[in-house]
Amino acid sequence: METATARRWQRAWWFQFPAPLRHLTALRTVAAIGSGGVLYFTPMVFHQARLGPEQLGLALAMAALLGTASRLLCGLLLDRGCATSLPLRLAAVAALLADGLLLTAHSLPVFQLGLLLEGVALGLWWPAIELAVSLCCAPMPSARAYALARSADALGVATGALAGALLAGLGWLRGIYGVDMAMLTLLLAWLARRPLPAAARRDGDQPLRGWGAWLPTLLPLLLIAVLATAVATLMQSALPLDLVRGGLRRLPLPEGLGGLLIGLQLGLLLLVQWPLGQWLARRPVAQGLALSLVCSAAGCLLLAASAFTPRGLMLLVAARSEEHTSELQSPCNLVCRLLLEKK
């Protein structure tokens, strides 16, 4: 009886969301399963190929610059009334090409080309998939729709990271690219069957209206968001290498164990996201941002301290818990919230 009641409750909870939003949420989950392993385990692939951290950092920086350019291109297409499905299809094709290169790469130029294509794919993906949430959520408030989308991303990334940890433990680390290719193929077939809506075409001068009234006030928060994004990207790229290479006194971890640690920490984020997010939502934005920055700083200190002790693994676990807590009220999410309030 209790099982049937729980099943009915879960079904009612899921179907409270509009059908287009449910479709989009499932789409994001599928995409995140593939990208979760690629994002967190590509540094370990570099390590396995005997490529140094400086080479990885340079490749990621180049990919980020190219990704910024592709984001601007995607925004231009969307402002001109392009359907959100088109940038997503282009992103999937670019990611498929990148996975094909990284799956068999052994030289630095091939690795760099693969990461550049990944940067293009991410740049095309995020503006379109974020805009699609607001286009698919009516009549539900966009805040709840974005919360559902973030939960779908967290579920997919955690699942992909755990799959990557399993592959690493079996000695098939590059299998993460095969998983991503399978998810991308499914995504392309899904979009061909059920395309996403297009935004209304904007006039040429419309995006500039009203900026002078709110941009100066928002500028400090935007600068904090840039810093927070840079730190998060550094953690994403440097932490997997730090796990498998070890610290000053902390011993290196096997690739499978390091991947399992990353996957479990991402799973922790998924578990605490809703209750802690609801708690933060009832408090002022400034309080949530302050908590985010304090948790992030504490996590960075614990990460640094873990290198100086042979038992640094426990400090790493605590540090990642603090970092994931800070992500629940990150400056980037606050910027999106304030922009929506300005509208």
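What you see is a predicted model; the values in this text were computed from it and never measured. Computation of the quantities below employed the complete heavy-atom set of this structure, encompassing side-chain atoms and omitting hydrogens, waters and symmetry-equivalent molecules.
- Here Arg71 pairs with nothing under the salt bridge (charged side-chain N to carboxylate O under 4.0 Å, His left out) rule; sequence neighbours left out.
- Interatomic distance, CG of Leu239 versus CD1 of Ile262, reported as 5.5 Å (0.5 Å rounding).
- In the hydrophobic clustering (ILVMFWY side chains linked at under 4.5 Å, chained through shared members), Leu184 is joined by Leu96, Met181, Leu188.
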Determine, stepwise, if the pair Val133 / Leu148 fulfils side chain to side chain contact (heavy atoms under 4.5 Å, CB included).
CA-CA 10 Å; Val133 176; Leu148 180 66; over 6 Å; no
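- In this structure, Ala98 and Leu117 approach most closely via the heavy-atom pair CB-CB, 3.6 Å.
- Smallest separation of non-hydrogen atoms from Leu155 and Thr159: O-OG1, 2.8 Å.
- Contacts of Glu118 classified as side chain to side chain donor-acceptor pair (under 3.5 Å), with partners at least two apart in sequence or in another chain: none.
- By the side chain to side chain donor-acceptor pair (under 3.5 Å) test, Ser35 is found to be paired with no residue, residues two or more places apart in sequence or in another chain being considered.
- Both Tyr177 and Leu122 are members of a single hydrophobic cluster when ILVMFWY side chains are connected at heavy-atom separations under 4.5 Å.
- Under the side chain to side chain donor-acceptor pair (under 3.5 Å) criterion, Gln55 pairs with no residue, sequence neighbours left out.
- The minimum heavy-atom distance between Pro87 and Ala128, with the atom names listed, is CB-CB, 3.9 Å.
- Between the CG atom of Leu24 and the CG atom of Leu88 there is a distance of 8.5 Å, given to the nearest 0.5 Å.
- When all heavy atoms of Thr25 and Ala152 are compared, the pair lying nearest together is CG2-CB, 3.5 Å.
- Looking at every heavy atom in both residues, Pro43 comes nearest to Leu56 through CB-CD2, 3.7 Å.
- Checked by atom type and distance alone, the side chain of Arg194 never pairs as donor or acceptor with a backbone atom of His23 at under 3.5 Å.
- Side-chain N or O atoms of Thr29 include none that pairs as donor or acceptor with a backbone N or O of Gly156 at under 3.5 Å.
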Could you give me the CA-CA distance, side-chain angles and deciding distance for Leu303 and Asp242, then say whether side chain to side chain contact (heavy atoms under 4.5 Å, CB included) is met?
CA-CA 10 Å; Leu303 281 174; Asp242 186 58; 5.7 Å; no
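- Nearest heavy-atom pair across Ala26 and Trp190 is CB-CH2, 3.3 Å.
- Take Met62 and apply the side chain to side chain contact (heavy atoms under 4.5 Å, CB included) test, not counting sequence neighbours, and it matches Leu58, Leu116.
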Can you check side chain to side chain contact (heavy atoms under 4.5 Å, CB included) on Leu162 and Leu166, steps first, answer last?
CA-CA 6 Å; Leu162 289 172; Leu166 176 62; over 6 Å; no
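- The backbone N or O of Phe17 sits nowhere less than 3.5 Å from a side-chain atom of Arg144 that would complete a donor-acceptor pair.
- Every pair tested for ring-ring contact (aromatic ring centres under 6.0 Å, His included) that includes a residue from residues 52-74 fails, sequence neighbours excluded, so the list is empty.
- Other members of the cluster containing Leu65 do not exist, because no ILVMFWY side chain is joined to it at under 4.5 Å.
- The ring-ring contact (aromatic ring centres under 6.0 Å, His included) contacts involving residues 282-311 comprise nothing, where partners must be two or more places apart or lie in separate chains.
- With rounding to the nearest 0.5 Å, the separation of CG in Leu73 from OG1 in Thr68 is 12.5 Å.
- Chaining together hydrophobic side chains whose heavy atoms lie under 4.5 Å apart leaves Leu72 on its own.
- Taken to the nearest 0.5 Å, the CG atom of Leu196 stands 11.5 Å off from the CG atom of Leu86.
- In terms of modelled atom types and a separation under 3.5 Å, the side chain of Tyr146 and the main chain of Glu130 share a donor-acceptor contact.
- The shortest distance between side-chain heavy atoms of Pro197 and Cys136 falls below 4.5 Å.
- Every residue two or more places apart in sequence or in another chain that forms a ring pair (Phe, Tyr, Trp, His ring centres under 6.0 Å) with Phe46 is listed here: Phe111.
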Apply the test side chain to side chain contact (heavy atoms under 4.5 Å, CB included) to residues Tyr40 and Ile176: give CA-CA distance (whole Å), side-chain angles for both, the deciding distance (0.1 Å), then the verdict.
CA-CA 10 Å; Tyr40 283 94; Ile176 57 175; over 6 Å; no
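- Sorted by first then second residue, the ring-ring contact (aromatic ring centres under 6.0 Å, His included) pairs that include residues 77-98, not counting sequence neighbours, number zero.
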